[in-house]
Protein chains: 2
Amino acid sequence: MSDNKISTAVIKRLPRYYRYLGELIEMGVERISSNELSERMKVTASQIRQDLNNFGGFGQQGYGYNVKYLYDEIARILGLDRTHKVVIIGAGNLGRAIAGYGNFAKRGFLITAIFDINPELTGTDIGETKVSHLSELEEYARHNHIDIAALTIPKTQAVMVADRLYKLGVKAFWNFAHTDLNVPQDCVVESVHLSESLMRISYNLKSMEED
Amino acid sequence: MSDNKISTAVIKRLPRYYRYLGELIEMGVERISSNELSERMKVTASQIRQDLNNFGGFGQQGYGYNVKYLYDEIARILGLDRTHKVVIIGAGNLGRAIAGYGNFAKRGFLITAIFDINPELTGTDIGETKVSHLSELEEYARHNHIDIAALTIPKTQAVMVADRLYKLGVKAFWNFAHTDLNVPQDCVVESVHLSESLMRISYNLKSMEED
DNA sequence: TAGATTGTTAATCGATTAACAATC
DNA sequence: TAGATTGTTAATCGATTAACAATC
């Protein structure tokens with residue numbers, strides 16, 4: 001079924017199309033041309049059409065795109081038509097922030113467990129979920145499927161915990177630790193390196209001043 | 001001073017070089033060739049040399065690169081040799097997570113104020129910093145310089161608060177809201193769209209299964 | 001000096017943009 | 001039908017990789 005490998009540049013843009021289409025739906029817009037959308041999103045109309053046509057022809061000549069239809073199609077392409085069970089490793093502020101973000105649930109990402117190495121946190125509630133001790137991870141995984149693991153723990157632990165999770169069959173990692181994970185090829189790793197993000201601001205501020 | 005516009009692809013990679021060099025220093029490694037580094041980082045040696053030579057010749061033929069020297073040079077390029085005053089708008093879990101991350105201070109990013117619209121949070125402490133009410137923003141900015149504003153608030157507020165901050169002279173935004181900011185060209189915007197990151201995981205999981 | 005490895009030019013590859021025929 | 005706008009091919013642009021002369 002999978003078409004010849006879509007480039008990551010395209011994949012990175014899909015969620016943004018999805019967000020804009022969602023906003024258009026909220027505004028009551030029913031149809032939109034690649035040209036109108038390109039003005040809103042500040043990208044070329046050509047790129048929008050190219051990107052979408054990687055997945056099929058969703059528009060109609062002389063009309064444009066039906067907003068709701070395209071929105072649903074992109075959801076399907078992104079796999080948002082299924083639910084994903086997410087466990088969070090690390091019940092610190094970042095783990096809490098993720099656990100508490102309601103919009104994720106709306107998109108089918110369900111927080112099914114939260115683990116932490118700190119015994120004092122064990123048993124406390126975060127939203128609807130009770131924190132378990134990290135030592136219970138294997139036992140939990142034996143009885144529950146895990147689609148995605150969010151790692152909101154320090155880098156020293158993150159690499160090891162990712163190994164443990166991989167042995168338990170987890171194939172997708174949302175990595176917030178300031179390190180690269182060392183998991184096999186058959187895994188999905190999406191890293192959010194906040195410190196690198198901040199450094200880019202620093203660089204851009206500096207080069208703005210120099211003009 | 002500013003060399004002919006460095007591509008964003010290069011800038012995005014710089015912090016990662018910096019991280020690896022930091023790790024090498026911790027390991028006591030004094031020199032490294034582009035080849036060795038390329039194996040560790042899983043990028044081509046050619047790319048490393050090209051990237052670095054955008055900023056100058058930091059290596060030596062027949063020797064390679066001095067790790068500590070290169071580390072310091074990249075810090076300078078990234079602007080990490082100066083301090084940045086960061087205010088956080090939004091004292092929720094995400095704001096707290098950022099405020100509490102000690103490594104930022106180590107790189108010269110100082111949390112100088114935290115604002116929230118919720119009166120109940122006003123006066124409470126987050127780390128060393130007291131939360132102020134958002135209405136005090138203008139008064140604060142009159143007496144204190146702000147280099148970077150981190151927006152950890154819902155999208156509905158984020159756009160408006162960014163406008164207020166811009167009028168107060170703030171030129172760099174670390175945007176965690178699920179929206180694009182609408183600030184003028186002379187600003188730096190770095191967005192961390194967590195939901196988009198999660199959608200990419202979803203897509204990649206799906207396309208992995210299809211193989 | 002011989003060996004190693006950079007800095008840099010040239011070649012390749014991929015992504016973006018432009019153009020336009022197809023068609024609603 | 002005439003006008004609008006897509007889907008898609010071709011042209012351009014930029015980024016990555018390969019190659020090698022310079023040089024430590």
Side-chain angles (χ1 to χ4, degrees), chain A residues 2-17 20-21 24 29-74 77 200 203-204 207, chain B residues 2-17 20-21 24 29-74 77 200 203-204 207:
Chain A
S2 71
D3 295 326
N4 273 358
K5 200 59 182 170
I6 310 292
S7 88
T8 62
V10 174
I11 305 307
K12 278 198 191 159
R13 288 191 290 265
L14 279 186
R16 187 157 178 266
Y17 293 135
Y20 271 81
L21 289 164
L24 286 168
V29 177
E30 275 184 18
R31 54 176 270 201
I32 194 154
S33 67
S34 58
N35 229 300
E36 272 174 272
L37 190 56
S38 86
E39 277 167 32
R40 282 182 186 279
M41 296 188 64
K42 316 247 161 74
V43 297
T44 63
S46 202
Q47 182 167 75
I48 293 174
R49 295 203 299 278
Q50 285 276 22
D51 282 354
L52 296 177
N53 278 97
N54 279 298
F55 305 98
F58 303 121
Q60 198 167 75
Q61 282 99 327
Y63 172 89
Y65 299 88
N66 179 289
V67 175
K68 181 74 174 78
Y69 173 70
L70 185 55
Y71 180 78
D72 289 339
E73 282 298 300
I74 294 180
I77 292 164
R200 284 191 288 273
Y203 175 86
N204 287 320
S207 55
Chain B
S2 71
D3 295 327
N4 272 357
K5 201 60 184 168
I6 311 292
S7 87
T8 63
V10 175
I11 305 307
K12 278 197 191 159
R13 287 191 290 265
L14 279 186
R16 188 158 177 265
Y17 293 136
Y20 271 81
L21 290 164
L24 286 168
V29 177
E30 274 184 19
R31 54 177 268 203
I32 194 154
S33 67
S34 58
N35 229 301
E36 273 173 271
L37 190 56
S38 87
E39 277 167 31
R40 282 182 187 279
M41 296 187 64
K42 316 247 162 76
V43 298
T44 64
S46 202
Q47 182 167 75
I48 293 174
R49 294 203 300 276
Q50 284 276 22
D51 283 355
L52 296 178
N53 278 99
N54 279 298
F55 304 99
F58 303 120
Q60 198 167 74
Q61 282 100 327
Y63 171 88
Y65 299 87
N66 178 289
V67 175
K68 180 74 174 78
Y69 173 70
L70 185 55
Y71 180 78
D72 289 339
E73 283 298 302
I74 294 181
I77 292 164
R200 284 192 287 272
Y203 175 86
N204 287 321
S207 55

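First the proteins, then the strands, lettered A, B, ... as listed; each starts at 1.
No hydrogens or angles were tested; on distance alone, a donor-acceptor pair under 3.5 Å links the side chain of Q50(B) to the base of dT17(D). Donor-acceptor pairing under 3.5 Å, judged by distance alone, is present between the side chain of S46(A) and the base of dA18(C).
In this structure, R31(B) does not reach the dC24(D) phosphate: none of its side-chain N or O atoms is under 4.0 Å from OP1 or OP2. Here R49(B) does not reach the OP1 or OP2 of dG7(C): none of its side-chain N or O atoms lies under 4.0 Å away. Regarding contacts with the backbone of dC24(C), every side-chain N or O of Y65(A) stays at 4.0 angstrom or more from both OP1 and OP2. The phosphate of dT16(C) (OP1 or OP2) has no side-chain N or O of T44(A) nearer than 4.0 angstrom.
In this entry the distance linking CD of Q61(A) with C1' of dC24(C) reads 6 Å, nearest Å. Distance CD (Q60(A)) to P (dA22(C)): 18 Å, rounded to an integer number of Å. Put simply, CG on D51(B) is 11 Å from P on dA15(D), counting in whole angstrom units. dA4(D) atom C1' lies 11 Å from atom CG of N35(A), rounded to whole Å. Regarding Q47(A), its CD atom lies at a distance of 17 Å from the C1' atom of dA19(C), rounded to whole Å. If you take CZ of R13(A) and C1' of dT17(C), they are 12 Å apart, rounded to a whole angstrom. Across the protein-nucleic acid pair, I48(B) atom CD1 and dT8(C) atom C1' stand 16 Å apart, rounded to whole Å. Distance L52(B) CG to dT16(D) P: 14 Å, rounded to the nearest Å.
Here the straight-line distance linking atom CD of E39(A) with atom OG of S33(A) works out to 8.0 Å at 0.5 Å rounding. Note that OG of S207(A) is 12.0 Å distant from CD1 of I77(B), once rounded to the nearest 0.5 Å. Separation of atoms OH (Y17(B)) and CD1 (I48(B)) is listed at 5.0 Å; rounding is to 0.5 Å.
Comparing G62(B) and E36(A), the nucleotide of DNA chain D nearest to each residue sits closer to the 5' end for E36(A).
Helical stems in DNA chain D, defined as runs of 3 or more consecutive Watson-Crick or G-U wobble pairs with donor-acceptor distances under 3.5 Å: C:3-24 with D:3-24.
In this structure the side chain of R16(B) reaches within 4.5 angstrom of the side chain of V43(B), judged on heavy atoms. Contact of the L24(B) side chain with the L37(B) side chain is registered, since non-hydrogen atoms from C-beta on lie closer than 4.5 Å. Proximity of F55(A) to I6(A): side-chain heavy atoms (C-beta onward) are separated by under 4.5 Å at one or more points.
Between R49(A) and S34(A) the shortest heavy-atom distance is NH1-OG, 2.9 Å.
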